[in-house]
Amino acid sequence: MSAADPVCIIGAGSSGVAAAKALLQRQVPIEGFEIGSDIGGMWRYQNDNGLSAAYRSLHIDTSRRNLGYPDHPLPDSCPDFPSHAEVLQWLDSYAQRFDVKRHFRFRCRVERIAPEADGGWRVTLDDGESRRYRAVIAANGHLWDPRWASFDGAFDGTQIHSRSYRTADPFADKNVLVVGIGNSAVDIAVDVCRSANRTFLSTRRSAWVMPKYVMGIPVDRWSAFFGRTLRLPTPVARTLVRWLAYPVVGDQQRFGIPRPAHPIWREHATLSQELLPYCGHGWIRVKPNVRMLRGGRVEFDDGSVERIDVIIHATGYRTTFPFLDPALFAVTEEVPALYRRMMPPHLPGLFFVGLLQPVGPTIPLAEVQSRWLAALLSGAMRLPEPATMRREIERHANAVRRRYVGSARYALEVDGRTYAQQLRRDMHREQGGA
Ligand SMILES: Cc1cc2nc3c(=O)[nH]c(=O)nc-3n(C[C@H](O)[C@H](O)[C@H](O)COP(=O)(O)OP(=O)(O)OC[C@H]3O[C@@H](n4cnc5c(N)ncnc54)[C@H](O)[C@@H]3O)c2cc1C
Ligand SMILES: NC(=O)c1ccc[n+]([C@@H]2O[C@H](COP(=O)([O-])OP(=O)(O)OC[C@H]3O[C@@H](n4cnc5c(N)ncnc54)[C@H](OP(=O)(O)O)[C@@H]3O)[C@@H](O)[C@H]2O)c1
C-alpha cells in the first residue's frame with residue numbers, strides 16, 4: 001500500500017480527535033470510526049457509546065493551564081478545574097476549528113482489525129463492511145472495561161463498578177463502601193457521603209492524598225514549577241510538593257488514612273480537596289482491605305465488621321481491545337511491549353494513542369503522540385531498527401518496574417514530562433526542529 005492510502009482511526013475521544021487533526025495537518029488521509037454519535041469519548045456525560053465513566057460531579061484533577069493543547073488552550077473563562085461539560089465544550093471547539101468531525105463515521109463500531117500478508121490492515125465494521133488501510137491508529141480509550149475486586153464470601157447487597165456511577169441519588173440513606181483510593185474512589189466517596197447514611201472507603205495500601213490547591217495555587221502548577229521551570233527530576237519535584245502541602249493537609253493519619261509504606265513518587269497521584277475534611281467530619285470512614293463478605297456485612301483486615309448495603313468498586317480498569325486478536329497483542333498486568341508507548345514492533349502499521357497513565361494530564365500527552373505519529377506516517381520521520389526499538393521497550397519496562405509500586409494499575413504509567421520531552425526530541429532530530 002502507498003502513502004496516499006488512508007489511515008484508519010478507531011475512536012473519537014480526545015486522543016482520536018487529536019490524532020485526526022495532526023494527520024490532516026500533514027495531509028495524511030484518514031477515515032475514523034466512532035461507536036457514539038459524537039466526539040468526546042469519556043468526557044461526554046452519559047455518552048450514547050455506553051462506555052463513558054464520567055459522573056455528574058466530575059471535574060478534572062489537573063488544572064486548566066496544564067490540560068490544553070499548545071495551539072488550542074482552554075479558554076480563560078474556564079475555572080482552574082473545569083467540569084466534564086467544559087472539557088467537552090473545549091474539545092468540541094477544537095474538532096470544529098480543525099474540521100475533524102467530517103472525517104469520522106459516527107454510530108459505527110470497528111469489530112475487527114487484522115494485518116494483511118502484503119502489508120496494510122483489514123478493518124471490519126459492525127455493518128459487515130470491510131476495508132483496507134495502510135495503518136490503524138487505535139484511540140479506543142483504556143478506562144472503560146471494569147476491573148472488579150474479588151473478595152472471599154458472599155454479599156447480599158448491590159455491587160457496582162465506578163464506571164457505572166453517575167450521581168449519589170441511588171445511595172441516599174444507604175451504608176456505602178467504596179473500594180480503592182484512586183481518583184474515582186475519592187471523588188465518589190466525597191460525592192455520596194453527604195446523602196448516604198454512612199460511607200466507608202477501603203484501601204489495601206493507601207495513598208498520599210494531595211489537595212487540589214496549595215497557597216491558593218493549583219497543586220500541579222507547583223509540580224510544573226519544580227519539574228519544568230527548575231528542571232528537578234520528578235521524584236524530587238513530587239517530594240517537594242508533598243512537603244509544601246504538609247501545612248495544608250498535616251498528617252493524614254489523623255484523619256484515619258494510613259501513611260503509605262511507599263514514597264509519593266512511587267504512586268499515581270490521588271487528589272482531593274475534600275477527602276480529609278470529610279473524614280474529619282466523620283462523613284467518610286477509612287478502612288483497610290476487605291477480608292470477607294458476610295451477607296449484609298463486610299469484615300475488614302483489622303477485624304472490624306460493618307453493615308453495608310452497596311459496594312462501589314472504584315478499582316480501576318482492564319486494558320482490552322475487543323477488535324484485536326489477543327494472540328497478536330494484549331495488555332496484561334505487565335508493561336506492554338510498545339515502542340515509545342505507541343507501537344508493537346512486530347505489528348507494523350498498528351499504533352496506539354492515549355494508551356497511557358501519566359502522573360499529570362493524559363490529554364496533552366496524547367496530542368504530542370499524535371504529532372509524533374503524523375510525522376512518522378507523513379514520511380517526515382523514520383523508525384529506528386527493530387533491535388533499537390526492543391532495547392527502548394526493555395529500558396522503559398525496567399524503569400517502570402523500578403519506580404512504581406507493584407500493582408496492575410501501573411502497566412501504562414509514564415513520567416509525563418520526560419516522555420513528552422523524548423517524543424519532542426525524536427521529532428526535532430528527524431525534522432531539524434519541527
Ligand atoms: C473519571 C475519569 C476522570 C479523568 N480525568 C482526567 C483528567 O482530569 N485529566 C486527564 O488528562 N485525564 C483524565 N482522565 C483520563 C482520560 O481517560 C483521558 O484524559 C482521555 O480523555 C481519554 O481519551 P481517549 O480518547 O484516549 O479515550 P476515550 O475518551 O475513552 O475515547 C475513546 C473513544 O473510542 C471509541 N471506541 C472504542 N472502541 C471503539 C470501536 N471498536 N469502534 C469505534 N469506536 C470505538 C469510544 O466510543 C470512545 O468515544 C480521566 C479518566 C476518567 C475515567
Ligand atoms: N477527577 C479526576 O480527574 C479523575 C477522577 C477519576 C479518575 N481519574 C483518572 O482516571 C484513571 C483511573 O482512575 P481510577 O481511580 O478509576 O482507577 P485507578 O487509578 O486504577 O485506581 C484503582 C484503585 O483501586 C485499588 N484496587 C485495585 N484493585 C483492588 C483490589 N482487588 N482490592 C482493593 N483495592 C484495589 C487500587 O489500589 P492499588 O494501588 O493497591 O492497586 C487503587 O487505589 C486515573 O488516571 C485517574 O487519575 C481522574
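All values below come from the heavy atoms of this structure, side chains included, with hydrogens, waters and symmetry mates left out. In listed order, ligands and their atoms are each counted from 1. Keep in mind that what you see is a predicted model, and the values were worked out from it rather than measured.
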* Protein contact to atom 5 (C) of ligand 2 [nearest heavy atom, distance to 0.1 Å] -> Tyr55 OH, 3.1 Å

* To do: Give the residue and atom name of whichever protein heavy atom lies nearest to atom 10 (C) of ligand 1, and the separation in Å to one decimal.
  => Thr362 N, 3.6 Å

* To do: Within a distance under 4.0 Å of any heavy atom of Gly316, pick out the atoms of ligand 2 and give their elements.
  => 17 (O), 20 (O), 22 (C)

* **Enumerated ligand 2 atoms positioned under 4.0 Å from heavy atoms of Ala149** => 30 (C), 31 (N), 32 (N)

* Asked: Of the backbone atoms (N, CA, C, O) and the side-chain heavy atoms from C-beta on, which set of Ser52 has a member under 4.0 Å from an atom of ligand 1: side chain, backbone, both, or neither?
  -> neither

* To do: Just jot down the ligand 1 atoms closer than 4.0 angstrom to any heavy atom of Phe33, in number order.
  => 43 (C), 44 (N)

* Does a side chain donor of either Arg409 or His268 reach within less than 3.5 Å of an acceptor in the other side chain? -> no

* For ligand 2, is there an N or O atom under 3.5 Å from any N or O atom of Gln357? -> yes

* Test of proximity, His268 against ligand 2: N or O pairs below 3.5 Å -> yes

* Tell me, please, whether Phe81 has Lys212 positioned over its six-membered ring: NZ or CZ under 6.0 Å from the ring centre and within 45 degrees of its axis? => yes

* Asked: Are the aromatic rings of Tyr213 and Trp222 close, with centres under 6.0 Å apart?
  -> no

Could you pull out, from [options], the option with a heavy atom nearest to [atom]?
atom	options	result
atom 42 (C) of ligand 2	Glu413, His313, His262, Arg409	Arg409
atom 10 (O) of ligand 2	Ile181, Thr315, Leu143	Leu143
atom 33 (C) of ligand 2	Thr362, Leu356, Asn289	Asn289

